Amino acid sequence: MKQIIIASGKGGTGKTSISAAFASLTQKAVFADCDVDASDLHLILSPKIIEKENFVCGKEAIIKPLECSSCGLCYQLCRFEAIVPNTESKSYAVSSIACDGCGVCVQHCPEKAIDFIDKESGMCFHSHTRFGPLIHAQLYPGGENSGKLVSLVRKKAIELAQASNMDFILIDGPPGIGCPVIASLTSCDALLAIVEPSLSSLHDAKRLLQLSKHFAIPSYVVINKWDISPKLTKIMEAEFQNMGIEVLGKLPYDLVFTKAMIKAQTIIEYDSTGEISQTLRSIWKKLIHKNEYQPYLIKKEGIL
Ligand code: SF4
Ligand code: SF4
């Protein structure tokens, strides 16, 4: 079973639309949406949730009003400004979003009036889609440790792929190069970085590719919306060549992506014979061939 991650370094490059397009070109695959801070693959894949599980991470303080003497010590000690005073009622409460779970207030409360409970930071879902199973998640506002939630999504995707004898896992990765990206990238078999011709995208993609090099993951690039700056596209192609990274394809700017998304369809479903769909098929075929995944190509799309 192979794991392919589609990532971008920078948000807004079209990564999810391209991931969804590849999802419609696969068979025997589990899809994993690891962009847990702003997941949106579900907007195109329209999943039907089969199972859901709370994601518990860290602790949070809760003041018990009946036992609190309103001494204000917790308010003075909290370095995260998570204790909120109510001047009218002369009481104190904890802001769940601001509470870092350090436990200082719990330790020092003279009345032992503060509970310290497990913090529910999000949800993890196992869903059915028209292309296959999807593992996805939602991080609640203020929920921390999205890297751990990503690890949970990946663990469940691997378990499901193994139990269902799937051929591979297609991962929609988070932007950036932080903890969630590292959690998404480790032990993958290939990275496809989606970039657009802008200096910020080039900068962030280079950091992502350096990270993948560190993990010895074979990496490739797709330049999306290349025609908004042919000059910058040329510069980027030269930069990637210097890094030894192959550009598997270039996609022009086209509103057809937006039109497909409005209809909750992949670009392959919306405009199967269009230029973008043909280019995406070609990119997918190259990616599969690069990684010797020929047996996993779909015959229904006639890629082979
Ligand atoms: S330290 Fe304890 S008793 Fe004092 S205000 Fe905070 S919760 Fe209430
Ligand atoms: S646990 Fe720490 S962050 Fe949370 S309210 Fe208490 S002192 Fe503040």
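Computed from a prediction, not measured in an experiment: that's the story for all the values here. We number each residue from 1, following the sequence as shown. In each ligand, atom 1 is the first atom listed, and ligand 1 is the first ligand listed.
Between K2 and D167 there is no salt bridge, since no side-chain nitrogen of the basic residue lies less than 4.0 Å from a carboxylate oxygen of the acidic one. Comment: E53 engages K156 in a salt bridge, judged by a side-chain N to carboxylate O separation of less than 4.0 angstrom. By the 4.0 Å N-to-carboxylate-O rule, K286 lies too far from E246 to be salt-bridged with it. Between E269 and K263 no salt bridge is recorded (no basic side-chain N to carboxylate O distance below 4.0 Å).
Residue, atom and distance of the protein heavy atom nearest to atom 3 (S) of ligand 2 are D100 N, 3.2 Å. The nearest heavy-atom contact from the protein to atom 8 (Fe) of ligand 1 is C68 SG, 2.3 Å. Of the protein's non-hydrogen atoms, C99 SG, 2.4 Å is the one closest to atom 4 (Fe) of ligand 2. Looking only at heavy atoms of the protein, atom 6 (Fe) of ligand 1 is closest to C74 SG, 2.3 Å. Closest protein heavy atom to atom 2 (Fe) of ligand 1: C109 SG, 2.4 Å.
In this structure, H136 and H42 have parallel ring planes: the angle between them is below the 30° cut-off, well short of the 60° mark.
The ligand atoms of ligand 2 that sit less than 4.0 angstrom from a heavy atom of I83 are 5 (S). Residue-ligand proximity, G103 to ligand 2, at heavy-atom distances under 4.0 Å covers atoms 1 (S), 2 (Fe). For ligand 1, the atoms closer than 4.0 angstrom to any heavy atom of Y92 are 5 (S). Near C105, the atoms of ligand 2 lying under 4.0 angstrom from a non-hydrogen atom of the residue are 1 (S), 5 (S), 6 (Fe), 7 (S). In the vicinity of I114, heavy-atom distances shorter than 4.0 Å reach the ligand 1 atoms 7 (S). For ligand 1 and E111, the ligand atoms under 4.0 Å from any heavy atom of the residue are 3 (S). Taking every non-hydrogen atom of S69 and a distance limit under 4.0 Å, the qualifying atoms of ligand 1 come out as 3 (S), 8 (Fe). Close contacts of ligand 1 with G72, meaning ligand atoms under 4.0 Å from a residue heavy atom, involve 4 (Fe), 5 (S).
Two residues are said to be in side-chain contact when any heavy atoms from C-beta on lie closer than 4.5 Å; Q210 and H214 fail this criterion. In this structure the side chain of F125 never reaches within 4.5 angstrom of the side chain of L134, judged on heavy atoms.
The local environment of CG in L199 is sparse, with at most 12 non-hydrogen atoms from other residues, nucleotides or ligands closer than 6.0 Å. Annotation: E67, atom CD; neighbour count of heavy atoms from other residues, nucleotides and ligands within 6.0 Å is above 12.
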